[in-house]
J.: 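Mind looking over this structure? Questions follow.
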Amino acid sequence: MNAPDTIFHRGLFTTLDRSNPTASAVAIKDGVFTAVGHDSEVMKLAGPSTKVIDLKGRRVLPGLIDNHLHIIRGGLNFNMELRWDGMWSLADAMAMLKKQVAVTPPPQWVRVVGGFTEHQFVEKRLPTIDELNAVAPDTPVFILHLYDRAILNGAALRAVGYTKDTPEPPGGEIMRDAKGNPTGLLLAKPNANILYATLAKGPKLPFEYQVNSTRHFMRELNRLGVTGAIDAGGGFQNYPEDYAVIQKLSDEGQLTIRLAYNLFTQKPKGEKQDFLNWTQSSKYKQGTDYFRHNGAGEMLVFSAADFEDFRVPRPDMPPEMEGELDEVVRILAQNKWPWRLHATYDETISRALDVFEKVNQEIPLDGLHWFFDHAETISDASIDRIAALGGGIAVQHRMAYQGEYFVERYGYGAAEATPPVKKIIDKGVKISAGTDATRVASYNPWVSLAWLVTGMTVGGLRLYPQRNCLDRETALRMWTENVTWFSNEEGKKGRIAVGLLADLIVPDRDFFSCAESEIADTTSDLTVVGGRIVYSAGAFKSLDDTPPPPAMPDWSPVRSFGGYGNWVGSDGKANAISARAMQACGCANLCGVHGHDHARAWSGKVPVSDLKSFWGALGCACWAV
């Protein structure tokens with residue numbers, strides 16, 4: 001037997017291999033685990049050229065795999081974006097913004113493109129337009145909050161050319177003052193197209209900078225323990241033009257994330273032609289273990305897209321949805337392409353299932369790994385129908401960022417199983433977890449794991465009772481082994497076992513013994529993909545010998561702030577501890593009646609027409625939050 005390339009030993013391995021659940025050492029050869037066992041067994045395999053790495057008794061986990069990440073689009077833009085993900089104070093976020101404005105040359109913008117919610121801030125609010133104008137009188141500033149609104153300062157309004165004569169966009173609103181002039185607030189109602197289209201007006205990076213930017217985004221994901229992802233396509237992400245950067249990195253062996261990608265149609269009323277063309281020009285599963293085709297979606301037809309802005313009523317899908325969806329699904333089924341379909345509400349899911357069941361009668365869907373994304377309000381009946389058709393459900397932690405808005409509209413009781421993860425698992429339906437980053441939520445996988453385990457939003461609101469939360473091992477499987485069904489890679493990765501791809505991480509704390517409140521602040525001290533160290537820090541920092549070149553351009557926010565939690569610009573871990581203490585109860589205002597459980601108070605079944613006067617009379621200050 002040939003000696004391994006690398007041995008990692010003296011570790012506390014959680015393998016997720018039910019036949020061999022724990023180990024202390026692994027051997028890796030040609031990117032694959034060749035031995036998983038105890039030091040006494042594995043160390044014997046070392047040869048003269050084997051690299052031996054002492055893990056110093058640290059916990060080791062399989063690499064994390066995001067089931068829904070807009071990594072290709074995110075990578076093209078990462079170096080231009082100021083990330084407020086993981087910032088717990090609006091004051092600190094605005095200080096970052098001010099510093100970035102000072103170094104951003106014209107005609108460039110400063111852009112904060114999602115990944116955060118106002119509820120994470122101790123101030124519990126977004127910046128005002130006046131505040132943006134004060135720190136950036138001349139530099140365009142664009143701030144995207146989830147998919148519900150964008151805030152533009154005066155310079156950005158001038159840059160995009162919005163005036164009193166600009167017509168109202170379909171499905172959106174440009175807020176105006178008494179004279180009809182745009183104020184700088186754009187609203188999705190509920191269609192986010194106005195937000196996408198406005199952002200697309202900003203400057204773009206040249207190709208070589210996009211390559212650098214994508215490397216830095218992958219590096220940031222590696223820092224958080226991500227070793228794989230399924231790319232869900234995205235608006236304004238055209239195939240094959242916008243895939244040239246990721247293809248170049250794949251061809252040159254520079255990918256540090258294993259990536260499966262789905263193709264997302266860009267043309268309303270032209271979806272059928274898109275998929276006719278793509279099924280002829282692209283082959284399902286084409287590519288390598290690092291970059292491979294994964295089918296269609298998450299957009300199949302625009303008439304089936306129910307946007308997830310819980311601040312507005314649920315949208316009703318148009319009557320043409322079924323006919324248009326039927327045409328596309330038939331093309332996919334005939335070509336044996338799996339698909340994923342964005343669906344927030346059960347009303348959309350049920351209608352889509354009518355189509356899938358009809359197609360299945362003529363073209364059996366057996367063996368096609370198709371699935372719904374999101375499914376926050378899915379019903380028991382729809383779960384059973386998915387099970388009968390052999391489909392799956394991919395959930396993401398959008399409720400960790402939008403839970404407060406859901407509760408305000410639908411009530412605390414309705415939010416207790418959104419989505420009903422535990423029930424889906426109990427029914428035996430294929431299910432996995434991800435983020436839906438980078439806009440509607442953060443790309444940090446540990447926020448998702450914390451949400452699955454604690455049932456809490458990033459703002460501190462407890463959404464789910466304990467019966468709807470997961471134990472840590474089940475949550476970890478949602479982010480590793482379970483995801484492989486959704487990319488049709490079962491038995492290839494997702495566990496630490498002989499013959500599987502050698503992807504592993506050493507978190508900076510023990511996921512199984514740290515406090516629940518610490519899970520979301522986890523990072524990786526060692527990330528390995530295919531046996532290659534792609535990120536290291538802390539005790540393993542000296543092992544990191546292949547970092548990307550500095551972020552380009554030289555004014556990039558990545559140089560000053562890094563990514564999640566401003567980890568370059570400050571002591572991110574210290575800030576996280578301090579911030580968690582400040583907002584341990586999830587808000588900035590203590591109520592004498594309800595403590596900090598304001599959302600439950602707002603949604604309580606009380607005969608009130610005026611929240612302020614009613615609750616104020618009882619001494620409750622929840623209305624003031």
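Start at 1 with the first residue, then count along the sequence.
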J.: Any side-chain heavy-atom pair from Asp231 and His68 closer than 4.5 angstrom?
T.: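 Answer no - side chains too far apart.
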J.: Step by step, work out the salt bridge (charged side-chain N to carboxylate O under 4.0 Å, His left out) result for Lys248 and Glu208.
T.: CA-CA 11 Å; Lys248 173 181 171 65; Glu208 63 271 23; over 6 Å; no
J.: Just by distance, do the side chain of Ser213 and the backbone of Phe78 share a donor-acceptor pair under 3.5 Å?
T.: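 At least one qualifying donor-acceptor pair exists.
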J.: Between Lys430 and Asn482, is a side chain to side chain contact (heavy atoms under 4.5 Å, CB included) present by the stated rule, with each step listed?
T.: CA-CA 7 Å; Lys430 298 294 186 182; Asn482 288 17; over 6 Å; no
J.: With a 6.0 Å cut-off on ring centres, are Trp370 and Phe356 close enough?
T.: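 Yes, they do, as the ring centres are separated by less than 6.0 Å.
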J.: Within the 4.5 Å heavy-atom criterion, are Ile386 and Leu353 side-chain neighbours or not?
T.: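 SC-SC contact between Ile386 and Leu353 confirmed.
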J.: Any carboxylate oxygen within less than 4.0 angstrom of a Lys/Arg side-chain nitrogen, looking at Glu168 and Arg176?
T.: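 Arg176 and Glu168: salt-bridged.
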J.: Can you confirm if the aromatic rings of Tyr345 and Phe307 lie within a centre distance of less than 6.0 Å?
T.: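 Judged by ring-centre distance (under 6.0 Å), Phe307 and Tyr345 do not meet the cut-off.
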J.: Less than 4.0 angstrom from a charged side-chain N to a carboxylate O is my criterion; do Glu481 and Lys493 meet it?
T.: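 No, no charged N to carboxylate O under 4.0 Å.
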J.: Is the ring centre of Phe217 less than 6.0 Å from the ring centre of Tyr443?
T.: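 Ring centres of Tyr443 and Phe217 closer than 6.0 Å.
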J.: Can you tell me if Arg219 uses its side chain to pair, donor with acceptor, with the backbone of Val534 under 3.5 Å?
T.: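 Yes: the side chain of Arg219 pairs with the backbone of Val534.
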J.: Could you tell me whether the side chain of Glu376 reaches within less than 4.5 Å of the side chain of Glu308, counting heavy atoms only?
T.: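 Glu308 does not reach Glu376 side chain to side chain.
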J.: Check whether any side-chain heavy atom of Glu408 sits under 4.5 Å from a side-chain heavy atom of Phe310, and report yes or no.
T.: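 The answer is no, as the side chains (C-beta and beyond) never meet within the 4.5 Å cut-off.
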J.: Between Tyr243 and Tyr239, how do the two ring planes meet: parallel, tilted or perpendicular, split at 30° and 60°?
T.: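 Tyr243 vs Tyr239 ring planes: perpendicular.
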J.: Is atom NZ of Lys423 surrounded by more than 12 heavy atoms (other residues, nucleotides or ligands) closer than 6.0 Å?
T.: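 No, not enclosed.
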J.: Thinking salt bridges, do Arg409 and Glu404 make one under a 4.0 Å N-O criterion?
T.: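 Looking at Arg409 and Glu404, the cut-off is not met.
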J.: Does the pair Glu490/Lys492 count as a salt bridge with the N-to-O cut at 4.0 Å?
T.: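 Between Lys492 and Glu490 there is no salt bridge, as every charged N stays at least 4.0 Å from the carboxylate O atoms.
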J.: Check this for me: Lys358, atom NZ, are more than 12 non-hydrogen atoms of other residues, nucleotides or ligands nearer than 6.0 Å?
T.: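 No.
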J.: Hey, are Asp306 and Arg314 close enough for a salt bridge, meaning a charged N less than 4.0 Å from a carboxylate O?
T.: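 Salt bridge flag = no for Arg314 with Asp306.
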J.: Cation over ring, Arg311 on Tyr405, under 6.0 Å and within 45°?
T.: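 Yes; both conditions hold, so Arg311 lies above the ring face of Tyr405.
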J.: Run the salt-bridge test on Glu298 and Arg340 with the 4.0 Å N-O cut-off and return the result as yes or no.
T.: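 Between Arg340 and Glu298 there is no salt bridge, as every charged N stays at least 4.0 Å from the carboxylate O atoms.
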J.: Between Asn77 and Arg73, is there a donor-acceptor pair closer than 3.5 Å when you use the side chain of the first and the backbone of the second?
T.: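 Indeed, once roles are kept as given, a pair shorter than 3.5 Å links the two residues.
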J.: Find out whether Ile257 and Thr227 are in side-chain contact, i.e. whether some heavy atom of one side chain is under 4.5 Å from a heavy atom of the other.
T.: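 They are not in contact (no side-chain heavy atoms under 4.5 Å apart), so the answer is no.
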J.: Check for me whether the distance between the ring centres of Tyr261 and His293 falls short of 6.0 Å.
T.: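 Yes, they do, as the ring centres are separated by less than 6.0 Å.
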J.: Using 4.0 Å as the upper bound for N to carboxylate O, is an ion pair formed by Lys272 and Glu324?
T.: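 No salt bridge links Glu324 with Lys272.
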J.: Could you check if a side-chain atom of His70 sits within less than 4.5 angstrom of a side-chain atom of Asp436, using non-hydrogen atoms only?
T.: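 The answer is yes, as the side chains (C-beta and beyond) meet within the 4.5 Å cut-off.
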J.: For Lys267, is there an ion pair with Glu271 - N to carboxylate O distance below 4.0 angstrom?
T.: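 Answer for the salt bridge query: no.
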J.: Are Tyr147 and Tyr196 an aromatic pair by the rule of ring centers under 6.0 Å?
T.: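 Yes, they do, as the ring centres are separated by less than 6.0 Å.
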J.: Quick one: does NZ or CZ of Arg258 land under 6.0 Å from the six-membered ring centre of Tyr290, within 45 degrees of the ring axis?
T.: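 Ring-cation test returns yes.
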J.: Just verifying a value: how many Å separate Thr435 OG1 and Asp66 CG, rounded to the nearest 0.5 Å?
T.: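 Separation between the atoms: 3.5 Å.
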